[in-house]
Each structure stands twice: as structure tokens, then as C-alpha cells.
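In what follows, a structure is listed as C-alpha cells, so that the remarks can point back to it.
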Amino acid sequence: MDFNLTEERQMLADTLGRFLSEQYPVEHRIKVAYEAPYHDPALWDQLVELGALYALAPEDAGGMGGSGFDISVVFEALGKALCPEPVLGALMASRLLAAAGADQEALLTGVTRYAVGITEIDAPYELDQIATVATAKGDGFTLSGRKSTVYGGQVADVVLVAAKHGDGLGVFAVNASDANVTGYGMMDGGGAAEVLLDDTPATLVLSDAEAALQDAVNAGIVALCAEAVGAMEVTHATTVDYFKQRKQFGIPIGKFQVLQHRAVDMLTEIEQARSITIKAAAELGGDDASKYASMAKNMIGRAARLVAEESIQMHGGIAMTWEYAVSHYAKRLIMLDAQLGDTDYHLSQVMKGYAA
């Protein structure tokens with residue numbers, strides 16, 4: 001497997017990295033991520049104009065990428081900047097629209113903001129436990145149920161909702177203005193929403209959608225893993241830089257061998273996390289996509305927690321302050337484990353695969 005980025009992806013990574021470092025310093029992120037709408041609408045527009053969303057969709061859907069590696073490039077850059085913009089919802093919506101053969105111009109140009117409603121309180125991970133029901137009504141459908149933790153739902157114009165349809169699951173488009181949408185900020189910044197549906201009018205986008213929904217989840221997992229790799233890399237670099245500046249007994253604490261060993265352990269975990277993310281990205285869309293997505297999410301969850309905890313401990317009290325970037329990176333790394341299935345859930349999925 002070639003671990004090097006293609007020239008086009010390297011250009012995308014450089015462009016996004018430069019834009020985010022200039023326009024989204026951590027001080028600005030802290031300012032916008034914790035208050036409604038939990039992102040920066042002006043910078044979202046600039047990110048869209050930059051073409052970031054086009055990298056998430058395949059060429060036959062009007063995009064310029066759509067592979068696991070394209071997704072990884074975008075989200076690793078977002079992770080390095082700790083960017084709270086609602087790109088995850090756009091990615092998952094793009095996968096569903098692509099599966100349906102639907103036009104994506106409105107999504108890719110930012111004219112319409114999309115989110116995806118899959119998770120329910122009693123069905124946090126498993127698709128076969130979804131309880132939201134679609135009912136035929138006239139020439140269309142109505143939906144009844146509740147979708148929980150809809151990422152980016154607080155600013156979405158359209159929510160693509162997974163609901164029971166016949167003997168399986170369908171994907172339905174719901175105008176956010178027709179539903180009861182309650183937006184809120186997550187503990188680490190960024191926004192999500194609860195979406196209540198009560199005979200809410202909807203349009204069928206895709207029937208027999210189980211495979212497409214799983215693909216969207218797998219793509220979301222690859223994205224979160226890549227985001228974690230980016231965030232871990234910055235957290236580690238910040239910690240090592242702190243070692244060079246902080247002095248005890250008249251010398252930089254980076255001279256202490258025990259701290260050197262712990263920093264190397266962090267780096268080892270990050271590189272292992274990067275490798276499994278590359279593998280999951282390579283398998284996205286294939287027969288083994290779910291297996292490798294679960295493997296990656298499990299390893300990422302464990303590595304991210306270790307990096308977060310070690311960076312806090314080795315910084316000392318300053319890492320717990322609101323103004324210091326590491327505290328926000330650590331919160332994001334812990335929160336990533338809870339999104340789209342935590343470490344324990346994905347370990348159980350891996351074990352089920354071996355038992356089958």
C-alpha cells in the first residue's frame with residue numbers, strides 16, 4: 001500500500017491547512033464553538049467556496065473525490081485546526097445522495113445545508129433497532145419518531161432521516177422547518193440537534209437503504225478517525241514544544257528521560273492510529289469496510305484517550321485552563337470516541353466478525 005498522498009491530495013491538504021491556520025486560530029475556535037450556532041457561518045461559506053465539500057463527493061455526483069483518502073485529507077486538516085464546522089453531516093449526506101443517484105449541487109455549493117438523522121436514543125448504533133416510521137400519505141410520506149445527536153442539525157436546511165419503510169429502511173428528506181429541531185452545543189464545542197418528527201411531511205430519497213446507511217456511517221467513522229489523527233498530532237507537538245520551554249531545576253523538562261519515554265509512547269500510538277485509519281480509508285466502499293471501520297474506531301478511541309490524558313498530565317495545571325489550546329484538544333479527543341460508536345461497541349463488532 002502506498003502511504004504517500006497523490007499530488008492532488010497533497011495540494012488539497014496544503015490549501016486546507018493554510019486556510020484553517022490563517023482563518024481558524026484556536027482563539028477564534030474557542031470563541032465560536034461554544035455559542036449558538038456553534039460554528040462560524042462566514043468561515044463555513046469560505047470553506048465551501050474553497051471547494052472542501054467537492055472533495056467528499058465522487059466525480060459522477062459532481063464532486064472531485066469521494067474516496068476514503070479524500071475524506072481523510074479533509075478531516076485530518078479539520079482535526080489539526082480543531083474546526084467545529086458541520087462537515088460531518090455534509091459528508092454523510094453526500095454518501096446517501098450518491099447512493100440514491102440524486103443531484104448534489106445544492107449540497108456541494110453550500111446552497112442547502114444537510115444533516116443526517118440515523119441515531120435514536122434507544123438505537124444509538126444498530127440500524128435494525130431504528131424505530132422511526134414512515135407512513136405513505138397521498139403522493140408522499142410522513143415520518144414519526146425522534147432522531148438524536150444529529151451532527152450539524154442545528155443549522156441544517158434539510159435532514160436526511162433513516163426510517164422504517166416496508167420491510168426495511170428508507171432514507172427520507174425532511175425540511176428542517178417542518179420538524180421540531182432543538183439545537184445545542186456539544187461538550188467539546190460544535191453543534192448537534194434533536195429532531196422530533198410527528199406526522200412530518202417527507203420525501204423518499206432511497207428505499208432498501210440499509211447498505212447505503214452503513215456506508216454513510218463507515219464514511220463518518222473514517223472521517224472521525226482522520227480528524228482524531230490530526231488533533232493528536234497537534235496535541236503531541238504542543239506537548240513536546242512545552243517540554244522545551246518549561247524548566248525545572250534550571251533545565252528544560254524535556255531533558256528528563258521519563259518524559260521522553262512517555263512522549264515516544266504517545267507518538268507510537270498516533271502512528272498506529274494513522275496506519276489503521278489509512279487501512280479503513282482504503283477499504284471504504286468495499287466488502288470489508290465495516291470491519292476495518294470498527295477496527296480503526298476502536299484503536300482511535302484508545303489512542304485518543306491516552307494522548308489526551310498524557311498531554312494533560314505532562315503539562316500540569318496549565319492544560320486545564322480555558323485559554324490553553326490543549327484543554328480543548330483533549331476534550332475533542334475524548335468526545336470523538338462517543339461519536340458513531342465508542343471503543344467498546346466497535347470492539348464487540350470486530351469480535352462478532354471473527355465469530356461469524
Classify the side-chain pair [X]/[Y] by whether it contains a donor and acceptor separated by less than 3.5 Å.
| X | Y | answer |
| --- | --- | --- |
| Glu120 | Ser148 | no |
| Tyr24 | Glu85 | yes |
| Asp70 | Ser67 | yes |
| Thr200 | Asp178 | no |

- Query: Are His28 and Leu43 close enough, and set up right, to give a side-chain contact (heavy atoms from CB on, under 4.5 Å), and what steps lead you there?
  - Reply: CA-CA 11 Å; His28 182 71; Leu43 286 180; 3.6 Å; yes
- Message: Any side-chain to backbone donor/acceptor pair from Asn180 onto Leu196? Under 3.5 Å, distance only.
- Response: no
- With rounding to the nearest 0.5 Å, note down the distance linking CG in Leu53 to CZ in Arg113. 12.5 Å
- Less than 4.0 Å between a side-chain N and a carboxylate O, is that true for Lys279 and Glu283? yes
- Message: Less than 4.0 angstrom from a charged side-chain N to a carboxylate O is my criterion; do Arg274 and Glu76 meet it?
- Response: yes
- Message: Students often mix this up, so state it plainly: with edges at 30° and 60°, are the rings of Tyr324 and Tyr242 parallel, tilted or perpendicular?
- Response: perpendicular
- Should the ring pair Tyr34 and Trp322 be called parallel, tilted or perpendicular, given that the plane angle runs from 0 to 90° and is split at 30 and 60? tilted
- Query: Does a sphere of radius 6.0 Å around CG in Asp287 hold more than 12 heavy atoms from other residues, nucleotides or ligands, not counting ones at 6.0 Å or beyond?
  - Reply: no
- Any side-chain heavy atom of Thr149 within less than 4.5 Å of one from Glu194? yes
- Given the rule in the side-chain contact (heavy atoms from CB on, under 4.5 Å) test, do Val264 and His261 qualify, once you have shown the distances and angles that lead to the verdict? CA-CA 5 Å; Val264 169; His261 288 171; 5.8 Å; no
